[in-house]
Amino acid sequence: MAKIQAIKGFADLFADESRLFTFLEQSARTVFFRYGFTELRTPLMEYTDLFCRSIGTETDVVQKEMYTFNDSKGRSMSLRPEATAGVMRAYVENNVGAKESVSKFFTAGPMFRHERPQKGRMRQFHQINCECIGPKEPEADAEMISMLMYFLNYIGIKNITLQLNSLGCPNCRPAYREKLQNWLKSLDTSVLCEDCRRRMETNPLRVLDCKNPSCKEATKDAPLMLDHTCDECAGHFQTVKNCLDSQNIHYEINHRLVRGLDYYTRTAFEVVSDNIGAQGSIAGGGRYDGLVESIGGSSVPGIGFACGMERLALLLQAPEAPKADFYIAVLDDACREYGFKAAQMLRHGELCGTMGFESRSIKSAMRQADKSGAKYAVLIGSSELEQHNLMIKNMENGTQEAVPFDRAVSFIKEGK
RNA sequence: GCGGAAGUAGCUCAGUUGGCAGAGCACCUGGUUGUGGCCCAGGUGGCCGUGGGUUCAAGUCCCAUCUUUCGCCCCA
């Protein structure tokens with residue numbers, strides 16, 4: 001029989017990784033609760049149209065990377081490639097905006113994109129996601145960015161850079177876009193890569209984001225969004241910077257930071273690490289003032305970010321595994337049932353541990369107990385069975401004692 | 001979607017010019033009465049990714065394919 005394998009880009013997370021992911025989620029809860037966020041779990045699957053309307057049909061995510069298929073009634077559905085769209089759908093559908101003027105949600109879970117897997121990029125990957133829906137004020141942007149940096153510091157991420165840019169708004173971006181496009185057309189376009197020659201027409205801002213050295217060089221004197229923002233956008237951006245400065249949060253202005261999803265407006269930010277390989281971006285987000293409207297809600301501004309858990313995991317070590325309190329070893333088959341009862345008794349006494357089901361020689365049993373890492377070995381042979389005792393051995397100092405069955409819990413807990 | 005690299009024991013990897021399938025670690029069993037780690041001895045464990053081809057003979061050469069991995073693109 002051929003072995004069944006996991007789907008490419010879909011990973012199993014065993015103890016160490018699983019513990020690390022749990023730590024990340026718990027830390028997120030702790031930090032985000034301090035900022036007034038509540039947890040929202042949205043479905044893994046949505047109608048495809050939701051993603052088309054929120055993320056944008058011109059993006060790579062929607063065009064080439066979604067897991068899309070029809071249900072039995074022929075409706076197109078997709079596994080979520082990111083979290084924001086689903087959160088916004090839930091917000092609009094449940095009319096949350098009518099109940100509160102500011103909503104703060106965080107969510108953590110798997111996302112799906114059909115890309116070529118590589119370091120820090122899986123097809124099923126996991127994000128921690130925060131959305132603050134309602135406020136248009138720049139302090140909300142600053143709070144969101146500050147919270148992200150707080151969180152990253154809280155979990156122990158170091159050597160990262162916060163990059164900041166403003167993408168303008170519907171009042172000023174179209175004019176800038178046109179100016180940039182004309183400027184690009186005036187270049188000798190043969191120095192641009194094939195993709196950029198196409199992007200020039202479809203999405204000129206993306207040309208600035210190209211990593212091709214020749215494109216970077218060619219566009220180094222390109223007109224900048226920040227020089228073409230309207231007064232409102234400029235003031236907004238200035239306040240965001242002031243707030244970050246007041247918190248000693250260091251940032252770099254990155255004029256090439258454009259973001260890949262169409263819904264972003266004004267503030268855009270990204271946190272980059274340079275020691276996890278090519279996929280260096282560990283978190284990114286921005287303001288999305290037109291998003292709620294684009295999926296059929298009222299005109300409500302918002303800002304959010306997503307943080308890639310696999311990429312955080314590359315930068316962190318798993319927390320140490322907790323030590324078991326006991327390991328029960330039985331020395332012959334007649335003792336197995338008594339061993340089972342002992343294990344249950346200890347667990348009901350709030351102790352953690354396992355029983356080696358197979359009876360073994362004393363030497364082998366001790367090797368198993370040692371390997372388990374438990375603090376105490378509990379040995380059960382014929383004499384323990386007869387006298388209704390448990391032989392309990394402290395694995396650290398080697399001392400041991402025959403303890404009456406009923407006193408084993410307190411013996412282990414109090415060491416006597 | 002496009003490139004590069006790699007698939008041999010549970011893990012990390014050797015394997016020469018084509019000539020008996022290997023090491024270290026791990027695992028198991030012992031080292032004299034019911035006691036772990038260190039040490040010693042022995043042992044289990046392999047369709048050499050898969051399918052074709054060349055050859056007296058293929059882990060080794062050729063073709064295909066799958067998988068993993070690092071990049072590109074894109075993104076978190």
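Both backbone and side-chain heavy atoms feed into the values below; hydrogens, waters and symmetry mates do not. The chains referred to below are lettered A, B, ... by the order of the sequence lines, with proteins before strands, and numbering in each begins at 1.
Checking A:Arg53, A:Arg89, A:Arg75 one by one against A:Tyr47, the side-chain contact (heavy atoms from CB on, under 4.5 Å) holds for a single residue, A:Arg75.
Residues meeting the ring pair (Phe, Tyr, Trp, His ring centres under 6.0 Å) test with A:Tyr251, sequence neighbours left out: none. Annotation: side-chain contact (heavy atoms from CB on, under 4.5 Å) contacts of A:Asp16 (sequence neighbours excluded): A:Arg19, A:Ala318.
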Between protein and nucleotides 36-45 of chain B, what N or O pairs are separated by less than 3.5 Å?
{"unit_1": "B:G36", "atom_1": "O2'", "unit_2": "A:Asp370", "atom_2": "OD2", "d": "3.3"}
{"unit_1": "B:G36", "atom_1": "N7", "unit_2": "A:Lys393", "atom_2": "NZ", "d": "3.4"}
{"unit_1": "B:G36", "atom_1": "N1", "unit_2": "A:Met395", "atom_2": "O", "d": "2.5"}
{"unit_1": "B:G36", "atom_1": "N2", "unit_2": "A:Asp370", "atom_2": "OD1", "d": "3.0"}
{"unit_1": "B:G36", "atom_1": "N2", "unit_2": "A:Met395", "atom_2": "O", "d": "3.0"}
{"unit_1": "B:G36", "atom_1": "N3", "unit_2": "A:Asp370", "atom_2": "OD1", "d": "3.3"}
{"unit_1": "B:G37", "atom_1": "O4'", "unit_2": "A:Asp370", "atom_2": "OD2", "d": "3.1"}

Within the sub-3.5 Å range, which N or O atoms of nucleotides 65-68 of chain B have a protein N or O partner, and how far apart are they?
{"unit_1": "B:U68", "atom_1": "OP2", "unit_2": "A:Lys8", "atom_2": "NZ", "d": "3.1"}

Protein N or O to nucleotides 6-13 of chain B N or O, pairs below 3.5 Å:
none

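A:Phe305 comes within 4.0 angstrom of no nucleic acid atom, judged by non-hydrogen atoms across all strands. A:Glu270 comes within 4.0 angstrom of no nucleic acid atom, judged by non-hydrogen atoms across all strands. Residue A:Glu358 is classed as having no contact, given no heavy-atom separation below 4.0 Å to the nucleic acid. Using a 4.0 Å heavy-atom cutoff across all strands shown, A:Leu312 reaches no nucleic acid atom at all. Within the 4.0 angstrom heavy-atom criterion, no nucleotide atom of any strand lies near A:Gly285. Residue-level contact check: A:Met309 touches neither bases nor backbone, having no heavy atom under 4.0 Å from any strand.
Whole-Å rounding puts the A:Phe151 CZ to B:A76 P distance at 16 Å. The distance from atom CD of A:Glu115 to atom P of B:C70 is 14 Å, rounded to the nearest whole Å. With rounding to whole Å, A:Phe51 atom CZ is found 16 Å from B:C75 atom C1'. The CZ-P distance, from A:Phe112 to B:A76, rounds to 17 Å in whole Å.
Distance check on atom C1': B:G22 versus B:C75 gives 45 Å, rounded to whole Å. Only the C1' atoms considered, B:C11 is 7 Å distant from B:A26, to the nearest whole Å.
Of the candidate nucleotides B:U35, B:A76, B:C75, B:A76 has the atom lying nearest to any side-chain atom of A:Ala306. If you check B:C70, B:A76, B:G34 against the side chain of A:Leu331, the one that comes closest is B:G34. Nearest to the side-chain atoms of A:Arg360 among the listed nucleotides B:G34, B:A76, B:C28 stands B:C28. Proximity note for A:Gln368 (side chain, C-beta onward) versus B:C73, B:C28, B:G71: the nearest is B:C28.
Checking A:Glu139 against A:Thr239 by side-chain atom types alone, no donor-acceptor pair falls below 3.5 Å.
Put simply, the side chain of A:Gln26 never gets that close to the backbone of A:Phe23: no donor and acceptor are under 3.5 Å apart.
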Quiz prompt | Base-pairing string, 5' to 3', of RNA chain B - Watson-Crick or wobble, under 3.5 Å, | interstrand | solution = (((((((..((((.....[..)))).(((((.......))))).....(((((..]....))))))))))))....
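Residues A:Arg121 and A:Cys307 each lie close to RNA chain B; by heavy-atom proximity, the contact nearer the 5' end of the strand is made by A:Arg121.
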